Each structure stands twice: as C-alpha cells, then as structure tokens.
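The structure appears below as structure tokens.
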Amino acid sequence: MGNSNAVLWWSSLTLSRQFYMLCAVLLMPSIGVLGQWTLFRVEAAVKEDIGNRSSVYFRHFFWDYLPELERSGSFSAATIEAMGQAIAAPAADLNLVAAKIWTPEGRIVFDTDPSLISEQFPVTEGLAEAVGGTVAVEFDNSLGDHSIYPGQKVLAVYVPLRHQAEGPVHAVAELYYDTTSLLAMFQWIRSRTWIIVAVVLAVIALGIHAIVAQGDTVIDRQRLELKEKVERLTQLLDHNQALRLRLQKASSLSAENSEFHLRRIGADLHDGIGQLLTISLLKLDQLFPEGQARSRDYHILHEMLEEAMGEVRAMVSGLSLPHMMEKGLADAIGLVVRKHRHRTSTTVDCMIEPDLKEVGNPVKLAICRMVQEGLNNAYKHAGGKGQSVTVCREGRFVVVTISDEGPGMQPHAVSNEMQQLGLIGLRNRIISLGGNLSVNSVPGEGVTLTGYFPTDV
C-alpha cells in the first residue's frame with residue numbers, strides 16, 4: 001500500500017518538479033563520488049611519482065653500499081654511521097622521516113633507529129612486493145611495531161635494490177615520508193574539485209531545466225488534449241457498445257422470427273401439401289381397388305406420390321424444432337439428439353455438463369440448429385460413424401462440440417466444405433449473436449465443429 005501511494009504521489013508531480021527531486025537526490029552524492037574519484041586519481045598519481053623518484057634517487061644512493069651487504073650479509077658500524085649521516089643531510093628537503101634497509105627474509109640491516117638493526121620481522125605485503133622487483137607505495141598510520149614515530153601518518157615507499165637492472169634483488173630500502181603537506185594538498189584538491197564539480201553540474205542542471213520546463217509545458221498541453229480525446233473515445237465506445245447490443249438484440253429477434261416462420265412453413269407443408277398428397281394416395285387406391293388389376297401407370301404414380309410424401313416429411317423435419325421454446329437447454333439438445341438417433345438408427349455419444357446455465361431463446365435455438373446440422377452432416381458424409389456431441393461452459397460461453405470419425409477433409413477444402421455442408425448460414429447466425437463457429441478436420445480422422453455461444457444475449 002505504501003509503495004502504491006508513493007507511485008501515485010510521484011506521478012502527480014509535474015515533470016519539472018520530478019526533475020528537481022531527482023537533482024536533489026542525485027546531485028549531492030554525485031558531487032561526493034566525483035570528488036572522491038578525482039582525489040583517488042590524484043593520490044595514485046602522486047604516490048606513483050614519489051615512488052619513481054625515490055626509486056631512482058635511492059638506488060644510486062645505496063649503490064656503493066650493496067657490495068658489502070652482498071659479501072657479509074650486513075653492514076659494519078662505520079658503514080651504518082656513514083649511511084645515517086648521508087641520509088640525514090637531504091632528509092629535511094625530501095620530508096624523509098625514516099629509512100630502513102631489509103634483507104629479502106625480513107631482517108633489518110640498516111635503520112635510522114639503530115636499536116632495530118639486526119631485528120627480524122614478518123615480511124609485510126609492501127616488502128614482499130618490492131622483493132619481487134616492484135616499487136610499492138602505501139599510506140601507513142605509523143611506522144609499524146618498530147616505529148619511533150607512533151601514530152604519525154606517513155607514506156611508505158619500498159624500493160628494490162639490485163646491482164643490475166634485471167638482476168636479483170639483494171635488499172629493499174623502506175623510506176618513510178612526512179605527509180603533512182601532502183595531505184594538506186589533497187584536502188585543497190578535494191575542496192576545489194567538489195566546488196568545480198558542483199558548478200559544472202549546476203550549469204548542466206540549469207540547462208536541462210530549461211529544456212525540461214519547456215517539455216513540461218508541452219506535456220501539460222498534450223495531456224489536456226489526450227484527456228479530451230479519451231473522453232470522446234469513451235463516448236464513442238459507449239455508443240458502439242450500445243449499438244452492438246442493439247444489433248445483437250435485433251439479430252436475436254430476427255433468429256427467433258426466422259424460427260417462427262420456419263415452423264409455420266413446416267406446418268403449412270405438413271397440413272397443406274402433405275394432406276393433399278395423402279388424399280391423393282387414398283383416391284388412387286379408391287380408383288384402383290386392391291382386388292382389381294393395377295396397371296404399370298398405377299404403380300409408377302403410387303411410387304411418385306409416396307416419394308413426394310417422404311420428401312415433404314424430410315423437409316418438415318428439418319424446418320421445425322418442436323417444443324424447443326418450452327424446454328431447458330439440456331433437454332432441448334437431448335431431444336434433437338434422440339430425434340436424430342431415431343431417424344437415422346445411428347449411435348450418438350452425448351455429454352452435457354450438469355447444471356448447465358440456461359440461455360435465451362435465440363441462443364438456445366442456434367445451439368439446437370448447430371446440433372441438428374452437425375449430426376445431419378456427420379450422417380451424410382461419415383455414415384454416422386463416431387458421432388458425438390459435447391456441451392460445456394467456459395466463462396461466458398457455452399461451448400458445443402460435434403465430431404465424427406469419417407474420412408475428414410483436406411485443410412484447403414475446409415472453407416469450401418462449410419458452404420457445401422450448409423454451415424455458412426449457421427456460422428453467420430452464431431457470429432451475429434456474438435459467438436463463433438470453427439471447423440477442424442484431419443484427413444482420415446473425421447471433422448470437428450466447435451461453436452461458442454454467449455450466455456448474456
């Protein structure tokens with residue numbers, strides 16, 4: 001809930017206010033990050049420069065003393081005193097606090113603090129790096145456990161000492177520089193960097209603000225225009241929805257009227273032509289009694305009248321759906337299936353979902369017509385083999401599936417076959433109600449009709 005409220009609050013702000021908030025959130029950390037990164041690069045450059053200069057200077061400084069260390073593994077007292085005096089002379093100019101010379105094993109052979117000479121200490125990371133032949137530079141808060149300046153922050157430089165440029169490292173000079181002036185310079189660089197970054201970002205922010213403010217104005221105008229268009233579109237959609245409902249209602253009434261007229265036509269055929277044909281057969285039998293000899297013309301005429309009667313009965317059976325209006329959906333479908341079984345003497349598997357929701361008369365009539373037409377086609381083209389009817393509910397639709405196990409159809413012939421099977425009118429009726437009818441067939445595996453009928457019509 002809190003997150004959704006925050007999103008709503010943020011979206012309610014104008015683009016320029018959102019820009020101000022982002023600037024407040026992002027600029028200050030950005031200034032600190034950029035300043036810190038700049039200081040880091042400056043510190044790295046200064047450390048590298050100090051390390052290079054120290055390496056060049058003190059390699060030459062200790063050059064003359066290395067042969068003695070290589071011969072005896074240590075320096076004599078006179079050599080140590082001479083080295084101390086030689087280092088003390090330029091120490092003030094170089095801000096040099098202390099100096100040591102280590103053997104690769106971690107033993108001190110020279111130190112500006114004479115008490116540490118010949119002491120053995122663990123090899124530190126910087127010392128190990130220098131023993132490997134690389135100048136190492138690092139800040140330290142003291143000179144270690146062997147410091148004579150405890151608590152003082154110094155810059156430690158480890159310089160590998162060797163006779164030849166590519167020769168082995170015989171010793172390592174560890175030099176400690178006072179960082180007071182260096183840290184002051186870093187602080188000055190940091191403050192100036194933050195100021196410069198802040199000014200640059202402020203100038204950029206002002207430039208972007210001008211663009212954003214203009215964009216904010218355009219967006220507000222477009223938002224109003226979009227709101228008006230959405231309102232007009234909503235009105236059109238409501239109007240279209242009303243028209244669609246009216247069209248579906250008209251289609252429903254039209255389908256209902258069509259069924260009424262079909263029943264009247266069926267009744268007229270049955271009561272009119274059917275009665276006339278029946279009377280004609282009776283008159284024919286009266287004219288030619290059974291005991292008298294009947295000519296060939298009699299038999300031809302009698303067969304023609306009986307065939308006409310059969311045609312009339314078939315037409316009446318196809319046109320009428322008796323008693324459908326008074327029955328529920330499941331009972332109406334069951335009646336159509338039973339009539340087909342009785343008329344064709346074939347088997348039909350009928351599965352109707354229990355407690356099927358009732359639908360309006362137009363939808364019920366369309367469903368019964370689909371079952372009637374589908375079973376007739378299954379009998380005609382598949383000989384009634386594997387006929388099945390399935391009715392179930394899926395969301396707001398009643399789904400009716402009619403299938404057989406006949407020879408089926410080729411995929412490219414499905415659309416033409418629909419017209420040949422007389423389903424095109426049924427499909428249009430279902431679509432007018434807001435549903436759909438599909439035909440699926442695989443050669444050798446029969447045909448499946450699937451109809452989707454809305455329940456809210």
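Keep in mind that this is a model prediction, so the values were computed, not measured.
- The CG atom of Leu161 sits 13.5 Å away from atom CH2 of Trp102, with the distance rounded to the nearest 0.5 Å.
- In this structure, Ile367 and Val398 have side chains that are in contact, with non-hydrogen atoms separated by less than 4.5 Å.
- Closest heavy-atom contact between Ala136 and Glu129: CB-OE1, 3.7 Å.
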field: CA sep, side-chain torsions, deciding dist, call: Tyr452, Glu394, side-chain contact (heavy atoms from CB on, under 4.5 Å)
entry: CA-CA 9 Å; Tyr452 292 85; Glu394 290 185 8; 4.1 Å; yes

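- Residue Gln235 holds its CD atom at 9.5 Å from CG of Leu233, rounded to the nearest 0.5 Å.
- Using a 4.0 Å cut-off between a side-chain N of Lys or Arg and a carboxylate O of Asp or Glu, Lys385 and Asp404 do not qualify as a salt bridge.
- Pro454 approaches Leu433 most closely through the heavy-atom pair CG-O, 3.0 Å.
- For Gln120, the CD atom sits in a packed shell: over 12 heavy atoms of surrounding residues, nucleotides or ligands are nearer than 6.0 Å.
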task: Report the C-alpha distance between Gln387 and Thr346 in whole Å, list the side-chain angles of each, state the deciding distance to 0.1 Å, and finish with yes or no for side-chain hydrogen bond (donor to acceptor under 3.5 Å, both in side chains).
output: CA-CA 8 Å; Gln387 298 174 120; Thr346 57; 3.0 Å; yes

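- Put simply, the side chain of Ile431 does not reach to within 4.5 Å of the side chain of Leu437, judged on heavy atoms.
- A donor-acceptor pair under 3.5 Å links the side-chain atoms of Thr455 to the main chain of Arg396, judged by distance alone.
- In this structure, the separation between CZ on Phe397 and SG on Cys392 is 12.5 Å, given to the nearest 0.5 Å.
- We find the CZ-CZ distance between Arg107 and Phe121 to be 12.5 Å, quoted to the nearest 0.5 Å.
- Leu449 is not listed as a side-chain neighbour of Thr401, based on a closest heavy-atom distance of 4.5 Å or more.
- Of all heavy-atom pairs spanning Pro407 and Ala382, the tightest one is CD-CA, 4.3 Å.
- One finds the CG atom of Leu329 at 6.5 Å from the SG atom of Cys368 (value rounded to the nearest 0.5 Å).
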message: Would Val131 and Val123 count as a side-chain contact (heavy atoms from CB on, under 4.5 Å) here? Give the steps.
response: CA-CA 10 Å; Val131 170; Val123 177; 5.6 Å; no

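- Without hydrogens or angle criteria, Glu373 side chain to Leu426 main chain gives no donor-acceptor distance under 3.5 Å.
- A heavy-atom distance below 4.5 Å is found between the side chains of Val439 and Val447.
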- request: Mind running side-chain contact (heavy atoms from CB on, under 4.5 Å) on Val157 and Val135 for me, showing each step along the way?
  value: CA-CA 7 Å; Val157 180; Val135 177; 4.1 Å; yes

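- Here the shortest heavy-atom pairing between Met370 and Ile430 reads SD-CD1, 4.5 Å.
- Looking at Gln372 and Arg369, their side chains do bring a donor and an acceptor atom within 3.5 Å of each other.
- Between Lys229 atom NZ and Thr234 atom OG1 the span is 14.0 Å, to the nearest 0.5 Å.
- Taking 4.5 Å as the limit, some side-chain heavy atom of Val391 sits within range of a side-chain heavy atom of Ile333.
- Contact check for Val400 versus Phe453: side-chain heavy atoms found under the 4.5 Å cut-off.
- Closest of all the heavy-atom pairs between Ala130 and Tyr158 is CB-CB, 3.6 Å.
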Worked verdict on Val337 versus Val371 for side-chain contact (heavy atoms from CB on, under 4.5 Å): CA-CA 8 Å; Val337 172; Val371 174; 4.1 Å; yes

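- The backbone N or O of His340 sits nowhere less than 3.5 Å from a side-chain atom of Arg338 that would complete a donor-acceptor pair.
- The nearest pair of heavy atoms linking Ser441 to Gly446 is OG-O, 3.1 Å.
- In this structure, the side chain of Arg341 engages the main chain of Val348 through a donor-acceptor pair within 3.5 Å.
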